Number of protein chains: 2
Amino acid sequence: MNGKQANIDSVFHALGDSTRRAMMERLSEGPMTVSRLAEPLSITLAAVVQHLQVLEECGLVKTEKHGRVRTCRIEPGGLAVAREWIDKRRTSWEERLDRLDVLLAEPE
Amino acid sequence: MNGKQANIDSVFHALGDSTRRAMMERLSEGPMTVSRLAEPLSITLAAVVQHLQVLEECGLVKTEKHGRVRTCRIEPGGLAVAREWIDKRRTSWEERLDRLDVLLAEPE
DNA sequence: ATAATAGTTAAGTATGTACTTGAGTATTAT
DNA sequence: ATAATACTCAAGTACATACTTAACTATTAT
């Protein structure tokens, strides 16, 4: 299975869109239906469904349909793929600078 | 200040491209010149420079030119913006998962 | 049965993006 | 001085993407 390695590309690609990140932020507060998820977004429901497909295909979101209602929730571990990649790129010297006080000490 | 908020968008957008992530991976091993950074990539130097501009504008990479050579290095703290966003979402769903039974019973 | 709801799907458009080529500049080597 | 190096910049192209509209299906309500 190349699922995880192939995924890292699609996960970052998915997170590269601000609308999809907004959807993730919303879903991080709890599961909800497609139309409820669409409410604060100023795009059509069809567009939301398309974004949802992207998020689902890369494993960031899981959905299930009961009756005519589809419920969406964040897939635990999906974001971990992205987090792991970021953590690998941080060298020991970067880890230190990750703290605010060190950032402030850095000249422009 | 929405400076940081505006950045989060460009940072994730930058990381959404696999070539740019490959460049970040390379640079995480240490600073190097533009042409050396371009070596393993099967694209023109001009394209690499364009990617470099994207990475620099969003604060993931810093470069400085000495003579005719431009040296690139990872900007400490740039990746932290992305990491913090992810961690915020992760915390949220972890909290929710602690009360999964409540979620399942959640009405409309 | 009829209507309303919730989502789905296809097709088209418009803009963005990654990439190339080709010509240019500034710096270093001979 | 001439040539090679290390980029830099502008313009164009091909493809990806976010989005819309409009017609459709399936489920629930009246």
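Just so you know, these numbers come straight off a predicted model, no measurement behind them.
No single ILVMFWY cluster, assembled from side-chain heavy atoms under 4.5 Å apart, contains both M23(B) and V69(B).
At the heavy-atom level, S35(B) lies under 4.0 Å from the strands shown only through sugar-phosphate atoms. Using a 4.0 Å heavy-atom distance criterion, L45(B) is classed as a base contact. If you check every strand for non-hydrogen atoms under 4.0 Å, H13(B) touches sugar and phosphate atoms only.
Judged by closest nucleotide on DNA chain D, V34(B) is the one of I43(A) and V34(B) placed further toward the 5' end.
If you walk DNA chain C from 5' to 3' and mark each nucleotide with an atom closer than 4.0 Å to a heavy atom of chain B, the marks span dT17(C) to dT28(C).
Atom CG of L55(A) and atom P of dT17(D) are 14 Å apart (whole Å). Rounded to whole Å, atom P of dC7(D) lies 7 Å from atom NZ of K65(B). Rounded to whole angstrom, the span from the CG atom of L41(A) across to the C1' atom of dC19(D) amounts to 13 Å.
Put simply, the side chain of P40(B) reaches to within 4.5 Å of the side chain of R26(B), judged on heavy atoms. The shortest side-chain heavy-atom distance between H13(B) and D17(A) does not fall under the 4.5 Å cut-off. Between W85(A) and L79(B), the closest side-chain pair of non-hydrogen atoms falls below 4.5 Å. Side-chain contact between V81(A) and L60(A) is absent, with no heavy atoms from C-beta onward closer than 4.5 Å.
Ion pairing between a basic and an acidic side chain is recognised when a charged N comes within 4.0 Å of a carboxylate O; R73(A) and E64(A) show such pairing.
Atoms CZ and NZ, on R70(A) and K65(A) in that order, are 5.5 Å from each other to the nearest 0.5 Å. Atom OG1 of T33(A) sits about 7.5 Å away from atom CD of E39(A), to the nearest 0.5 Å.
Near DNA chain C, meaning a heavy atom under 4.0 Å away, the residues from residues 47-54 of chain B are A47(B), Q50(B), H51(B). Of all the residues in residues 17-25 of chain B, not one reaches under 4.0 Å from DNA chain D with any non-hydrogen atom.
In this structure R83(A) satisfies the salt bridge (charged side-chain N to carboxylate O under 4.0 Å, His left out) test together with D87(A), D87(B), sequence neighbours excluded. Shown here are the salt bridge (charged side-chain N to carboxylate O under 4.0 Å, His left out) partners of R21(B), two or more places apart in sequence or in another chain: D9(A).
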Identify each donor-acceptor pair in which a side-chain atom of residues 43-56 of chain A lies under 3.5 Å from a protein atom, sequence neighbours left out, and give them as a table.
from, atom 1, to, atom 2, distance (Å)
T44(A), OG1, A47(A), N, 3.3
H51(A), ND1, R20(A), NH1, 3.1
E56(A), OE1, T63(A), OG1, 3.2
E56(A), OE2, T63(A), N, 3.2
E56(A), OE2, T63(A), OG1, 2.9

